Protein chains: 2
Amino acid sequence: MKSRCYCITLRRASRRLTSTYDAALEPFGINLAQYSLLKTVVRLGPVSLTDLAHTLDLDRSTVGRNARVMVRMGLIAMGPGKDQREQALGPTARGRALLAEATPIWAKVQHDIDARLGPGKVEQLQELLAEL
Amino acid sequence: MKSRCYCITLRRASRRLTSTYDAALEPFGINLAQYSLLKTVVRLGPVSLTDLAHTLDLDRSTVGRNARVMVRMGLIAMGPGKDQREQALGPTARGRALLAEATPIWAKVQHDIDARLGPGKVEQLQELLAEL
DNA sequence: TCATAATGCGGGCATATACCCGTAAAGCAC
DNA sequence: GTGCTTTACGGGTATATGCCCGCATTATGA
């Protein structure tokens with residue numbers, strides 16, 4: 001139980017919290033990682049895989065594969081980029097709509113966490129995590 | 001960058017910290033998840049997959065697969081359990097030896113984190129993570 | 001005792017994630 | 001302009017992780 005390994009504690013918390021978000025997003029047919037990807041794609045407009053990966057702090061190949069799944073879902077579209085080699089990712093209409101629908105639920109999860117931890121705690125947590 | 005999603009922040013921190021531990025353990029040919037599994041198997045002696053999964057707060061099938069990799073590595077052995085259906089996992093001599101070798105390095109990583117965050121911060125972080 | 005329920009696993013399926021290698025395209029240096 | 005380097009990807013390989021289903025075994029209750 002009480003593994004003193006900081007990393008194990010962190011990983012466990014990450015899994016648990018992820019599943020909370022996943023459960024909340026489940027009615028929309030997406031999970032947290034996909035929600036995050038979709039939101040970023042909407043925010044950055046047409047964006048290359050490399051830039052997206054950099055923004056999300058994920059490996060490019062990871063983003064590429066995850067994006068492909070969402071292309072299959074019809075939430076994201078891949079078009080030609082500035083180059084012959086570059087892919088430009090953008091949201092589809094359905095992607096935008098889904099994001100708009102899901103965001104209030106996501107916000108509720110965030111709010112619930114705020115409420116559970118109490119004022120200032122989330123900021124404290126974010127700061128500590130940033131220092132890691 | 002500043003994704004305000006608490007979960008994304010947490011996941012990112014988890015990935016980053018994991019890669020720190022992974023890098024430190026790399027000379028031993030194992031990663032953090034494997035180190036954690038090995039340590040728990042050593043601690044619990046002969047233990048079933050189900051109990052191990054419960055202790056690690058992981059899905060049983062995940063533990064089963066991860067353990068299989070370590071059986072291939074010769075660090076863990078699977079034997080008959082109390083039942084016909086139960087598998088008993090235990091460390092091999094090599095597994096024990098590797099754990100003993102790797103633990104000081106793991107401790108150094110922990111210590112470095114302590115030093116980086118400053119006194120009390122780690123406890124604070126652990127508490128916050130536990131409340132999630 | 002016998003049928004039903006619970007337990008312990010394995011395997012299939014899917015996502016998430018990273019690293020490495022190869023290919024194609026673009027940039028640069030001379 | 002030719003050749004080397006950098007950039008952008010795709011695909012292969014591997015681990016991590018969870019869920020569901022099916023099978024075998026054990027426990028339970030009528």
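Below, chain A is the first sequence line, B the second, and so on; all start at residue 1. Values below: every heavy atom of this structure, side chains too, minus hydrogens, waters and symmetry copies. None of the values given here were measured: they were computed from a predicted structure.
Ranked by how close their nearest DNA chain D nucleotide is to the 5' end, B/D59 and B/M73 are led by B/M73. Place B/R60 and A/R65 on DNA chain D by their nearest nucleotides, and A/R65 ends up nearer the 5' end.
Here B/S48 lies in heavy-atom contact (under 4.0 Å) with sugar-phosphate atoms only. The residue A/R15 sits close only to the backbone: its heavy atoms come under 4.0 Å of sugar-phosphate atoms, none of a base. Note on B/T62: a base of the nucleic acid sits closer than 4.0 angstrom, heavy atoms only. Counting non-hydrogen atoms under 4.0 angstrom, B/R72 reaches the backbone sugars and phosphates but no base.
Taking the side chain of B/E86 as heavy atoms from C-beta on, and the options C/dG8, C/dT15, D/dC9, the nearest nucleotide is C/dG8. The side chain of A/Q84 approaches C/dA25 more closely than any other nucleotide in the set C/dA16, D/dA16, C/dA25. Looking at the side chain of A/R85, the nearest of the listed nucleotides D/dG18, C/dC9, C/dA26 is C/dA26. Checking C/dG11, C/dA16, C/dG10 against every side-chain atom of B/S61, the shortest atom distance belongs to C/dG11. Out of C/dG8, D/dG10, C/dA18, the shortest distance to the side chain of A/L49 is found at D/dG10. When distances run from any side-chain atom of A/L58 to the nucleotides C/dG8, C/dA18, D/dG11, the shortest one goes to C/dA18.
Listed pair B/N66 / D/dT17 meets the phosphate criterion, a side-chain N or O lying under 4.0 Å from OP1 or OP2. Here A/N31 reaches the OP1 or OP2 of C/dA16: one of its side-chain N or O atoms lies under 4.0 Å away.
Summarising the geometry, the separation between CZ on A/R11 and P on C/dT17 is reported as 12 Å, rounded to the nearest angstrom. Nucleotide D/dT15 holds its C1' atom 13 Å from the CG atom of B/L37, rounded to whole Å. With rounding to whole Å, B/L52 atom CG is found 16 Å from C/dG10 atom C1'. To the nearest angstrom, C1' of C/dT15 lies 15 Å from CG of A/L25. Across the protein-nucleic acid pair, A/L10 atom CG and D/dA16 atom P stand 17 Å apart, rounded to whole Å.
Between B/L125 and A/E131 there is no side-chain heavy-atom pair separated by less than 4.5 Å.
Salt-bridge check for A/R116 with A/D112: failed, with every basic side-chain N at 4.0 Å or more from each acidic carboxylate O. We find that B/R15 and A/D57 are not joined by a salt bridge, their nearest charged nitrogen and carboxylate oxygen being 4.0 Å or further apart.
Between the side chain of B/Q110 and the backbone N or O of A/Y6 there is at least one donor-acceptor pair closer than 3.5 Å.
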